[in-house]
Amino acid sequence: MNFETRQALDRLQQDIESRIYETFSGSEWEDYDVRVCIRENDSILRWRKLPSKQINEYHNKQPHRRVVVTRFARELSWLFERLRAVHVNEIERRTNHDFYAELADTANLFIQQHQATMTAATLLEAVLNRARRIYR
């Protein structure tokens, strides 16, 4: 991980602790075969079934689309948007599809395991910690 990336991830951690994500007024994340939403509807179910056009370079197979359904969709979308800027510095190490697929999988696993006690901050920290591990 380069110095700029480490600094950017540290700033993101501080922003999570300061709850900056609460000011995010953007839309739910949809990019790189990942969608983040508050609830799954017919449109999302149809989208999920569409084939991905991206071939996974590391596994030489076609990845599936991922959907993260959470009451913290706005907050998680904020983090994905912020990580997009950080990821530009590290793009040569990993494709966008692989990066966001891993983050979505991390979010879904965390939601499944911590549904009752999860807060926006704990979800964001879990996903940010996964991003840190990806960059190492």
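Everything quoted here is computed from the prediction, not taken from an experiment.
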Query raised in the report: Looking at F99 versus F80, is the centre-to-centre ring distance below 6.0 Å?
Result: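 For F99 and F80, the ring centres are not under 6.0 Å apart.
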Give, for atom [atom1] of [X] and atom [atom2] of [Y], the distance between the pair rounded to the nearest 0.5 Å.
X	Y	atom1	atom2	value
L9	I134	CG	CD1	10.5 Å
T106	I111	OG1	CD1	10.5 Å
R65	E30	CZ	CD	8.0 Å
E75	T119	CD	OG1	9.5 Å
N2	Q7	CG	CD	9.5 Å

Requested in this report: Start with the C-alpha distance between W29 and R84, add both sets of side-chain angles, then the distance that settles side chain to side chain contact (heavy atoms under 4.5 Å, CB included), and finish with yes or no.
Outcome: CA-CA 11 Å; W29 173 269; R84 183 194 315 252; 3.0 Å; yes
Query raised in the report: Quick one: which of D33, D105, N108 gives a side-chain hydrogen bond (donor to acceptor under 3.5 Å, both in side chains) with R66?
Result: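 That would be D105.
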For [X] versus [Y], what's the shortest heavy-atom pair and its separation?
X	Y	answer
L83	A131	CD2-CB, 4.2 Å
V67	W47	CG2-CZ3, 3.6 Å
R132	Q13	NH2-CB, 3.8 Å
V68	A107	CG1-CB, 4.0 Å
A73	C37	CB-C, 3.4 Å
L76	L124	CA-CD2, 3.7 Å

Query raised in the report: Under the side chain to side chain contact (heavy atoms under 4.5 Å, CB included) criterion, do Y21 and R19 qualify, and how do the steps go?
Result: CA-CA 5 Å; Y21 54 82; R19 299 168 67 155; 3.6 Å; yes
Report task. Could you go through the side chain to side chain contact (heavy atoms under 4.5 Å, CB included) check for R74 and S77 one step at a time? Result -> CA-CA 5 Å; R74 183 176 50 86; S77 296; 5.7 Å; no
Query raised in the report: Are L109 and Q113 side-chain neighbours, meaning at least one heavy-atom pair lies under 4.5 Å?
Result: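 When only atoms from C-beta onward are counted, Q113 and L109 do touch, with a gap below 4.5 Å.
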Give a yes or no on whether the backbone of [Y] and the side-chain of [X] come within a donor-acceptor separation of less than 3.5 Å.
X	Y	value
T70	F72	yes
R130	E102	no
T122	M118	no
E28	I38	yes

Query raised in the report: Checking side chain to side chain contact (heavy atoms under 4.5 Å, CB included) for the pair I44/R35: CA distance, chi angles, key distance, verdict?
Result: CA-CA 8 Å; I44 291 170; R35 287 184 79 169; 3.7 Å; yes
Query raised in the report: Mind checking whether Y32 and Y100 have parallel, tilted or perpendicular rings, split at 30° and 60°?
Result: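 Geometry flag for Y100 against Y32: parallel rings.
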